[in-house]
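Read through the structure below, which is laid out as C-alpha cells, and then see the notes.
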2 protein chains.
Amino acid sequence: MTLMTPLISSNCRVCYVREPSRDTASANTFAQLVAASCVRPGKKTFNRHSLLGSLSGFSAIRCGSLQPNMTENGVNSHRERVLTTDTMNPNVKKVEYAVRGPIVQRAVQIEKELKAGAKKPFSEVIKANIGDAHAMGQRPITFLRQVLALCTYPELLNDNKFPEDAKNRARRILQSCGGGSIGAYSASQGIECVRQDVARYIERRDGGIPSDPDNIYLSTGASDAISTMLKLLVSGEGHTRTGVMISIPQYPLYSAALADLGAVQINYYLSEERCWSLDVSELRRALNEARQHCCPRALCIINPGNPTGQVQSRQCIEDVIRFAAEEHLFLMADEVYQDNVYADGCEFHSFKKVLFEMGPKYSDTVELASFHSTSKCYMGECGFRGGYMEVINLDPEVKVQLTKLVSVRLCPPVPGQALLDLVVNPPEPGEPSYATFIKERTATLSDLAHKAELTEQILNTVPGISCNPVQGAMYSFPRINIPERAVKEAKEKGQAPDMFYCMKLLEETGICLVPGSGFGQREGTYHFRMTILPPTDKLKILLGKVKEFHQKFTEQYS
Amino acid sequence: MTLMTPLISSNCRVCYVREPSRDTASANTFAQLVAASCVRPGKKTFNRHSLLGSLSGFSAIRCGSLQPNMTENGVNSHRERVLTTDTMNPNVKKVEYAVRGPIVQRAVQIEKELKAGAKKPFSEVIKANIGDAHAMGQRPITFLRQVLALCTYPELLNDNKFPEDAKNRARRILQSCGGGSIGAYSASQGIECVRQDVARYIERRDGGIPSDPDNIYLSTGASDAISTMLKLLVSGEGHTRTGVMISIPQYPLYSAALADLGAVQINYYLSEERCWSLDVSELRRALNEARQHCCPRALCIINPGNPTGQVQSRQCIEDVIRFAAEEHLFLMADEVYQDNVYADGCEFHSFKKVLFEMGPKYSDTVELASFHSTSKCYMGECGFRGGYMEVINLDPEVKVQLTKLVSVRLCPPVPGQALLDLVVNPPEPGEPSYATFIKERTATLSDLAHKAELTEQILNTVPGISCNPVQGAMYSFPRINIPERAVKEAKEKGQAPDMFYCMKLLEETGICLVPGSGFGQREGTYHFRMTILPPTDKLKILLGKVKEFHQKFTEQYS
C-alpha cells in the first residue's frame, strides 16, 4: 500500500492519473482497490484502467499497468509498461496452440538438462508431438533437393553431377523469377509457372476436371492460406459475428486462428465409435445450436484427418457438400495429407473432384477453398513453408480483395514455391531422375503405412488404451482410460487429466506426446496425439515404453 | 423488380428470408427497398442484411448477398454467395498497399500486351516500383548462395569446388536443424544458433551493448514481425482503441496492418523542407490530437527512411526516445536499410544503441522492438523472406504470449533463417571467402551510393521536380508539380492527381513508379516513389524518360 502512495497523493504525469478529489471517501475507496489488487500474490502487473475506470476524481487514465520497481534514487516507485498482459490484444491471449505448448517447452527444457548432465530414467527425449518428418529421420527426396540447390546456386548448372531433368526444372523456375534469381520477390499470388503446374497437377489428380491457375494462390505453408481465408470470412458483431464450424478433435491452428480473429468457433464432433467418421446429423446439430448466437458461414474439414487419422469416404464428402450447399456455408477443405492414405479400402477423394462430379447445381454454386502443403505427404519439407490454396466459385470481387491482402506480405518464400513446383511436377517416366524418385517416394510412403499399422496394433494391446485404425495422415489419436484418482490429482494441480498423464509420461520416459485436450475431445474422454514418424525401431521402443508407462500409471492410481 | 419477386412471394430456404406478413404496407416498403437497391448501376451484389434488417415480418435473415443469375431451368432467379464484398471482413476492405497496387497490375498487363505483340512507344516495362534488387539485375552474393546450396543438398559438402568456410557454416546450420535437414521445422522463435549469431551481430554493430538471443525472434521477412508486434499492441474499443503513430510519407505495410487490425492510424508528418527529417514538435502535435479520440500506444519509425530515403541524426533519435519515454509509447524501429547509407556525414545509429547510451533511466524502461531483414542492404534476398526482431524491455509475460502467437504459424522459412545467419555472420578476415565477399559487398553498396546521387542530381535538373538527397535506403521520393488542369482532369476520373500522372507515365514510357498518394503526403503536394535499383545505364535512360515526360506533361496541361 505504501508503494502506491505517490499515485494517490500527487499528479502523475507519466500515468495520466490525476489527484483524486479531496473527498476522503473516494480516496479511501481508491486506496482499498489498489491494495486489493496489489496483494494478489504472484501477480506482478495489474490493470489500472479497469481498476480506476469507475472512480470519480480521475479525469484521464491511460491504458497501462504498473510494476513495483526501484527508481534510480533507490526509492520505491512505480514503473509502467505500455504492453502487458493486461493491455495487450485480448484475442491473442485466448489463442492456444497445444502442438507447441507447455509439454513441448518442458521437453526442450529436459533436453537441455540432459545435455548439462542431469540424470534421468532415459537418455533422450523422443518428440512425437509434431508431424516433422525430417526431424524424425526421414530423408529428403533427392530430386527435390537437387533442383533447389541448382536454383539457389545456378553455377551448379554447369556441373555434370546433376541430372538433366533436374537442370531443366531449375532453368524453367529461374526463368520465371525476376532477374533469374530466387532472391527476387515473386508475384504475391505466386510465380505464374508454378501456379500453372499446380493447376495441371490438380487436373491430373481429379481426372481432368479443369483447374484455373488464376484460382491458385501459393502460400507460406498451408497455415498461412487457411488463416488468410478465415480472415476474409470474419465479420459482424454479437449475434451476427461469423461462426466457423470445425471438427472436434481438430488441428489447433483452426481454434487459434478463430480466437485471434475473434470469430465464433462452432464445434462438431467426429464419431470415435465409427473410426472418427463425420456424420451430417452432427453437423446439423452443431449448426442449429450455433445459429442461436452467431452467423455460421464456413465449414472446415480436415481429410485425411489431423489428429484423428481417418480418411473420409466419397459418400461422406458428398453429404458434406450437400449440407454446405443447403445451409449456405463456405467450404474449407484441408487436404495436406492427400498422399498419406494407408488403410486397405481407403482412398483420397478431393472435395473439388466430388463437388464437380455432383453436377452444376453444386459445382456452379458451392464456394470451396482447398489447401495443400509441401510439409507432409512423402516430402515432409516443413522448413520450406511451401503450400497452395485453390479457390472455387470465389466472388471475383473478393478475389481482388484476397490478392490485395496477400500482397501486403509481398510474396510467399520463393524456395518454398520452387519446391512446390517440383511436388506438382515430379520426374516423368523416361526422365533420368524418374526411377530414383519413384523408389524414394514409394519407400517413404510404404514405411509410413507400415508404421501406421504397427502403431495401431501395439497400442491396442494395452489394456486401457484403444486406438482407431490410422487410415491416413501421420498421427494416431488413441483413447486412454485415466483412473478417477488420477483425474482428481490432475484437477487439484489445475491440469487437464490428459495433460497430467502426458507430462508424467514425459518426465518418466522422455516421450513427448500432445494431450487430447489440446485438440478437443468429448467431455470425460481422454486421448493423446502421437505421430507415427519415428523410425520403426525407435517407434517400437516408444510404443513399448508407452505401454509400460500406462500399465504402471493405471496401477498407481487404481 | 420482377427479379426479386420470388424473394417476396415465398419462403426462401437458402436465404432464410421468410415471407413478410400479409400487411400490405410493409410488403410494399420491402419491395421499394429492394428496387432501390437493385437499380444501382454497376452494383452487382447488395447486402440483404442491411437492407432488410429493420423490416418487420422477416424473422431470420442471413448475412449474405444476392446475385441475379439464371437457374438451370433458364428462369431468372437469385444465387447467393456466402462471401462477397458486402459480407467479407470490413477491415480487409480498408487495407491498401500501393507498392503492389493498380499501377503495378497495369504494368504486368502491359508486359503481357507487349509479349503478345502490341505496339507501344516503348519495348519494355521498367519496374522501379519496388525494392526488388535481384529483379533489377543485382547479383546475389556468392558466399550466401554457396552456403545455402550446401544446406539444401548436403551431398555437396563432398565437393571440393566449395570453400571450407562455406562448408563450415553449412555444417553448423545443419547441426542445428532437426534431423540435420533444413526441411525440418525449427523452433518457432527461430533456430537457436542463428539467434545467437544475430545477438552477436547486434553487439558488434552497437559497440558492445549486450544482446540476448532470447530477445531475438526470427521472422518471415520484416513485414511478418512488424505485423505481429502491431497485433500484440492492439486492444480497446472506441476512445480506448489503440492508436499507432506512423510517419507520413510511410511504407504502406504500416497503414495496411493497422487497417487490418482495426487500429487507429496516427499520422505524423516528416519535414520535406528539411530533408524529410523528423521533428518532435510534430510528433507532439499528432499525439495530442490523437489523444482526443483514441489511446496512442506505439510510435513507428523507419530509419533509413522508406519511401523518403532520409537518415536520422543521432540527436533526432535521442529526441524520439525521450518523447516515447515521456509519452509512454512503445517504440518500433524499422531498420531494414541499416547498411544502405550513402550520403556524406550520414551514419546509421540503431535505436537500441542510442537507447542504451542514454542511460538506465531510458534503457531500463523504454520498450523497443527493432526489425531487420535479408531483403535489403547489400543482400537484396527478398525471395527468401528472412528477418528478425529484437525486443527490449518487453514484459516477460507478453514474451510468453508472443512466443505462443508465433508458434501457431510453426516457424519462419528455414532457408531464410539460414540466409540470415550468413548475413549476421559473414566471412571473416583470413577465411577463404573473405576477399570475394568484401569485394562483392563493397561493389554493390558503392553502386547503390552512386545511383542514389545520380537519381537526385538528374531529377533536380527537371523544372517542376524537386528531390531531396537520397541519404539512404533505396528510394527517391521527389515532389512533382502537377498543373491545375491535370489535377482537375484526374479528379474527374476519380484518381489521385499523382496516380493520374504515374499512370500516364506508365502508358507512355513503360516506366512503373508508385504515386506519392500511396504513401501519404501533405495535402496538395504530389510525389512519386522510385527505386534507385535499376542498373546505371538503365537508370539513366529511365531518368531521361521521366524528365522528358514531365516536361511534356507540364506543357500539355499548362
Side-chain angles (χ1 to χ4, degrees), chain A residues 14 63 72 79 81-85 87-90 92 95 97 100 132 134-135 137 140 145-146 148-149 152-153 178-179 181-185 188 220 223 231-236 240 253 256 295 297 328 330 365 367 381-385 395 397-398 401 405 407-409 413-416, chain B residues 14 63 79 81-85 87-90 92 95 97 100 132 134-135 137 140 145-146 148-149 152-153 178-179 181-185 188 220 223 231-236 240 253 256 295 297 328 330 361 365 367 381-385 395 397-398 401 405 407-409 413-416:
Chain A
V14 172
C63 5
E72 282 165 271
R79 188 179 73 193
R81 276 207 175 92
V82 179
L83 185 59
T84 69
T85 48
T87 64
M88 68 179 278
N89 187 329
V92 171
V95 165
Y97 189 69
R100 296 205 156 195
D132 190 0
H134 292 194
R145 292 303 190 91
Q146 284 178 330
L148 287 174
T152 304
Y153 190 52
S181 167
I182 56 168
Y185 291 121
S188 300
T220 308
S223 304
K231 180 183 281 182
L232 280 181
L233 279 159
V234 172
S235 65
T240 67
L253 164 69
C295 180
R297 302 180 70 205
H328 196 240
F330 191 107
T365 59
E367 294 151 83
E381 296 277 14
C382 312
F384 280 83
R385 317 304 300 119
D395 182 303
E397 290 179 46
V398 173
Q401 294 288 328
L405 181 61
S407 78
V408 177
R409 294 293 183 93
V414 176
Chain B
V14 172
C63 5
R79 189 179 75 192
R81 278 207 173 92
V82 177
L83 185 59
T84 68
T85 47
T87 65
M88 67 178 279
N89 187 328
V92 172
V95 165
Y97 189 68
R100 297 205 156 197
D132 191 358
H134 292 194
R145 292 304 190 89
Q146 283 178 330
L148 287 174
T152 304
Y153 190 52
S181 166
I182 57 168
Y185 291 121
S188 299
T220 308
S223 305
K231 181 184 279 183
L232 280 179
L233 279 159
V234 172
S235 66
T240 67
L253 165 68
C295 180
R297 301 180 70 205
H328 195 240
F330 191 107
K361 183 178 170 196
T365 58
E367 295 151 83
E381 294 278 12
C382 313
F384 280 83
R385 315 305 301 121
D395 183 302
E397 291 179 48
V398 173
Q401 294 287 329
L405 181 61
S407 78
V408 177
R409 293 293 182 92
V414 177

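What's counted below: heavy atoms across the whole structure, side chains too, no hydrogens, waters or symmetry copies. Being a predicted model, the structure only gives us computed values, none of them experimental. Here is the naming used below: chain letters follow the sequence lines, and residue numbers restart at 1 for every chain.
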Check Asp395(A) against Leu83(B) and note the closest heavy-atom contact, atom names and distance.
CB-O, 3.4 Å

Which atoms of Pro413(B) approach chain A - backbone, side chain, both or neither, heavy atom under 4.5 Å:
both

Does the Asn89(B) side chain pair with the main chain of Leu233(A), one donor and one acceptor, at a distance under 3.5 Å?
no

For a quick test of reading the model, state the closest non-hydrogen atom pair linking Thr152(A) to Ala149(B) and the distance between them.
CG2-N, 3.7 Å

Using atom types as modelled and distance alone, determine if a side-chain donor or acceptor of Asp132(B) lies under 3.5 Å from a backbone N or O of Ala184(A).
no

Where Val82(A) and Phe330(B) come nearest, the two heavy atoms and their spacing:
CG2-N, 3.7 Å

Glu367(B) versus chain A, the contacting section by heavy-atom distance below 4.5 Å:
side chain

Give the C-alpha distance, both sets of side-chain angles, the deciding distance and a yes or no for side-chain contact (heavy atoms from CB on, under 4.5 Å) between Lys231(A) and Val92(B).
CA-CA 8 Å; Lys231(A) 180 183 281 182; Val92(B) 172; 3.9 Å; yes

First locate atom CE of Met88(B), then atom CG of Leu405(A), and finally report the distance between them rounded to the nearest 0.5 Å.
7.5 Å

Among side-chain atoms of Arg297(B) and Thr87(A), is any donor-acceptor pair under 3.5 angstrom?
yes

Nearest 0.5 Å, please: how far is CD1 in Ile182(A) from CD in Glu381(B)?
7.5 Å

For the interface with chain A, which of Gly179(B), Ala135(B), Gly178(B), Gly383(B) has the highest count of heavy-atom pairs at distances below 4.5 Å?
Gly383(B)

Nearest heavy-atom approach of His134(B) to Gly183(A) is ND1-CA, 3.6 Å

Has the side chain of Arg145(B) got a donor or acceptor atom that lies under 3.5 Å from a matching backbone atom of Tyr153(A)?
no

Rounded to the nearest 0.5 Å, what's the gap from OH on Tyr185(A) to SG on Cys382(B)? Could you check?
4.0 Å

Main-chain N/O of Arg409(A) paired with Ser223(B) side-chain donor or acceptor, under 3.5 Å
no

Please flag which part of Arg385(B) lies under 4.5 Å from any non-hydrogen atom of chain A: side chain, backbone, both or neither.
side chain

